[in-house]
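No hydrogens, no waters, no symmetry mates; every other heavy atom, side chains included, goes into these values. Residue numbers run from 1 in the order of the sequence given.
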Amino acid sequence: MAEKLVLAYSGGLDTSVAIRWIKEKYGYDVVTLTADVGQGRDYEAIREKALRVGAIKAVVVDARELFVKYFIFPALQANALYEEQYPLATALSRPLIVKLMVDLAQEEGAVAVAHGSTGKGNDQVRFDVGVMTLAPQLKIVAPAREWGMTREQTIAYAQEHDIPIPVTVSSPYSIDECLWGRSIECGVLEDPWAEPPEEVFTWTRPAYDAPDEPVYVEIGFERGIPVSLDGEELDGVTLIQRLNTLAGEHGVGRIDHIEDRLVGIKSREVYEAPAAVVLLEAHKQLEGMTLSKSQLRFKERVAQEYADLIYNGLWYSALHQDLAAYVHSSQRHVTGTIRVKLFKGKCAVVGRKAPKSLYSFSLATYDKGDVFDQSASPGFIHIWGLPVKVQAQAQLLTQPEGPLGITGPREEETKT
Ligand code: ARG
């Protein structure tokens with residue numbers, strides 16, 4: 001009996017060809033694993049296709065709850081956004097798929113795993129590093145990185161081997177979808193000057209075509225996790241799906257990003273992530289009410305590190321455990337409700353309330369009820385400004401150009 005390999009199988013052209021190619025080249029019996037992370041596909045059809053193409057067993061796992069609970073929501077609590085733009089949908093799904101693959105490999109007694117990533121992207125890194133960390137004994141096969149076939153040759157291989165070619169093959173775009181967002185690459189998008197054509201978007205309407213009336217949503221959070229919409233308690237999967245639909249209707253969630261891949265390439269990535277965009281904004285605003293200024297500042301740095309490590313395939317790392325512990329701790333009072341207005345491509349937070357809010361009306365108000373002691377301000381300012389005053393007298397005021405020399409125009413520069 002041949003040794004077994006577990007292949008992460010999407011049902012697309014590359015991973016379908018991979019089933020046959022792995023058998024021919026390496027002799028492994030291929031078991032496929034398809035993870036439902038919210039792509040909204042016909043998973044039974046994918047399973048049948050895997051078997052038809054030559055897999056000895058085809059497994060489909062509904063991983064949506066795991067995805068939301070252990071990957072999406074912790075990333076939301078961290079405000080993880082790569083290069084301030086990308087909510088990390090694909091990047092978050094990869095470590096989950098790795099975990100499922102590795103578990104299945106163990107169950108099946110497989111000696112190897114495989115994935116359909118090419119040698120140019122981030123996904124290969126996320127898969128390989130994940131496997132290296134969780135199950136270093138497993139061999140890793142990456143057919144699309146090894147076979148050196150062009151798109152045409154892959155299609156020809158499929159035809160020769162009687163592998164059904166999906167209709168999506170005629171599309172010039174490379175697409176990846178999960179609950180947290182949809183990415184679109186290739187085709188005309190490779191020209192960074194070209195505006196993304198309307199056809200690349202399927203989750204969001206163009207702003208000009210969005211409803212003429214705004215919609216308001218109240219998002220309830222508990223410890224940084226969204227738990228309700230307009231007062232209705234929802235499980236995470238349903239909540240994200242509803243927000244994807246609603247915000248997408250109103251044209252919210254389009255992202256056009258020149259992104260820095262880990263392998264050193266700049267690439268033009270277009271995303272649709274309506275729920276992610278809304279939830280990240282709402283969550284940040286709730287933190288604005290419930291975290292101190294210094295917590296917010298420190299957390300912003302953590303968010304950047306957190307986003308980078310997710311993007312760079314280091315989910316299963318000690319640094320991640322450390323940062324996650326901090327993020328978890330930071331969320332203990334991030335409970336409350338955020339009111340969001342969705343209108344013509346924009347998501348605006350228009351209201352916020354929180355039981356442990358740090359916003360004090362009586363301190364902030366200029367009307368009656370003001371309790372702020374203005375007579376304490378001069379003393380505060382005296383000490384706050386003291387070091388600046390001392391330094392200015394000792395060093396700045398003695399310079400020929402005077403104190404304006406710090407920021408003001410110099411004479412040579414103003415002369416024409
Ligand atoms: N650039 C994004 C990332 O690295 C999206 C990758 C999409 N992956 C794909 N196989 N189409 O996370």
Side-chain angles (χ1 to χ4, degrees), residues 5-10 12 14-15 18 22 33-35 37 39 63 67 70-72 74-75 78 80-105 112-149 174-178 180-186 190 255 257-271 273 303-324:
L5 169 149
V6 173
L7 165 71
Y9 182 63
S10 69
D14 284 349
T15 49
I22 288 168
L33 169 80
T34 305
V37 285
Q39 314 82 312
F67 189 35
Y70 294 106
F71 295 82
I72 293 179
L81 205 56
Y82 183 64
E83 295 185 328
E84 289 168 18
Q85 294 192 68
Y86 169 39
L88 294 158
T90 301
L92 283 165
S93 73
R94 294 313 186 239
L96 168 57
I97 296 171
V98 165
K99 173 74 174 110
L100 298 172
M101 275 166 89
V102 160
D103 287 353
L104 184 60
V113 291
H115 58 76
S117 312
T118 70
K120 290 183 71 169
N122 301 308
D123 288 332
Q124 55 168 346
V125 182
R126 297 166 186 151
F127 277 118
D128 290 7
V129 174
V131 174
M132 283 158 61
T133 348
L134 296 182
Q137 75 284 3
L138 291 174
K139 287 194 209 78
I140 302 169
V141 178
R145 186 168 63 191
E146 296 172 20
W147 62 35
M149 289 193 278
S174 161
I175 290 160
D176 188 62
E177 292 180 331
C178 69
W180 207 225
R182 177 171 182 270
S183 73
I184 314 106
E185 299 163 286
C186 302
E190 288 180 354
I255 298 160
H257 180 192
I258 298 297
E259 179 172 302
D260 288 281
R261 288 193 190 161
L262 181 58
V263 295
I265 302 171
K266 277 195 189 289
S267 74
R268 203 278 187 88
E269 306 279 331
V270 173
Y271 299 106
Q304 216 180 62
E305 293 297 327
Y306 204 105
D308 281 1
L309 77 82
I310 293 171
Y311 190 84
N312 294 334
L314 303 176
W315 183 267
Y316 296 109
S317 64
L319 175 62
H320 180 198
Q321 291 184 327
D322 298 343
L323 296 185

In short, side-chain hydrogen bond (donor to acceptor under 3.5 Å, both in side chains) pairs touching residues 87-105 with sequence neighbours left out are T90-D176, R94-D123, R94-D176, K99-D103
I'd like to check [X] versus [Y] (side-chain heavy atoms, cut-off strictly below 4.5 Å). Are they in contact?
X    : Y    : result
I255 : P87  : yes
L323 : L309 : yes
H115 : I140 : yes
S183 : Y86  : no
Q304 : Y82  : no
V98  : V102 : yes

How many angstroms lie between [atom1] in [X] and [atom2] in [Y], if you round to the nearest 0.5 Å?
X    : Y    : atom1 : atom2 : value
L81  : I310 : CG    : CD1   : 10.5 Å
L92  : W180 : CG    : CH2   : 8.5 Å
C186 : R268 : SG    : CZ    : 12.0 Å
S317 : N312 : OG    : CG    : 10.5 Å
H257 : E269 : NE2   : CD    : 8.0 Å

Minimal non-hydrogen separation, [X] against [Y], with atom names:
X    : Y    : value
A303 : A78  : CB-O, 3.1 Å
G313 : V129 : O-CG1, 3.4 Å
I258 : K266 : CG2-CD, 4.1 Å
L100 : A63  : CD1-CB, 3.8 Å
P95  : Y316 : O-OH, 2.8 Å
A114 : I22  : CB-CD1, 3.7 Å

More than 12 heavy atoms of other residues, nucleotides or ligands under 6.0 Å from CD of Q137: is that the case? yes
Flag if over 12 foreign heavy atoms under 6.0 Å of OH, Y70: no
Sidechain-backbone polar pair: E83 side chain, D260 backbone, donor-acceptor under 3.5 Å: yes
Quick one: does N122's side chain have a donor or acceptor within less than 3.5 Å of a partner on L262's backbone? yes
Does the distance from a Lys or Arg side-chain N to an Asp or Glu carboxylate O, for K120 and E185, drop under 4.0 Å? no
Establish, yes or no, whether a centroid distance under 6.0 Å links the rings of F71 and W315. yes
Using the rule side-chain contact (heavy atoms from CB on, under 4.5 Å), only one of V6, L5, L33 pairs with V113; which is it? V6
Evaluate the criterion side chain to side chain contact (heavy atoms under 4.5 Å, CB included) for residue pair I97 and F127; output intermediate values, then yes/no. CA-CA 8 Å; I97 296 171; F127 277 118; 3.8 Å; yes
By side chain to side chain donor-acceptor pair (under 3.5 Å), R145 pairs with (sequence neighbours left out) Q124, D128
Return the set of residues passing side chain to side chain donor-acceptor pair (under 3.5 Å) with D308 (not counting sequence neighbours), or none when no residue passes. none
Do Y311 and E259 pair up side chain to side chain, a donor and an acceptor below 3.5 Å, judged on atom types alone? yes
Output, in order, the C-alpha distance, side-chain angles, deciding distance and verdict of side chain to side chain contact (heavy atoms under 4.5 Å, CB included) for R182 and I175. CA-CA 7 Å; R182 177 171 182 270; I175 290 160; 3.5 Å; yes
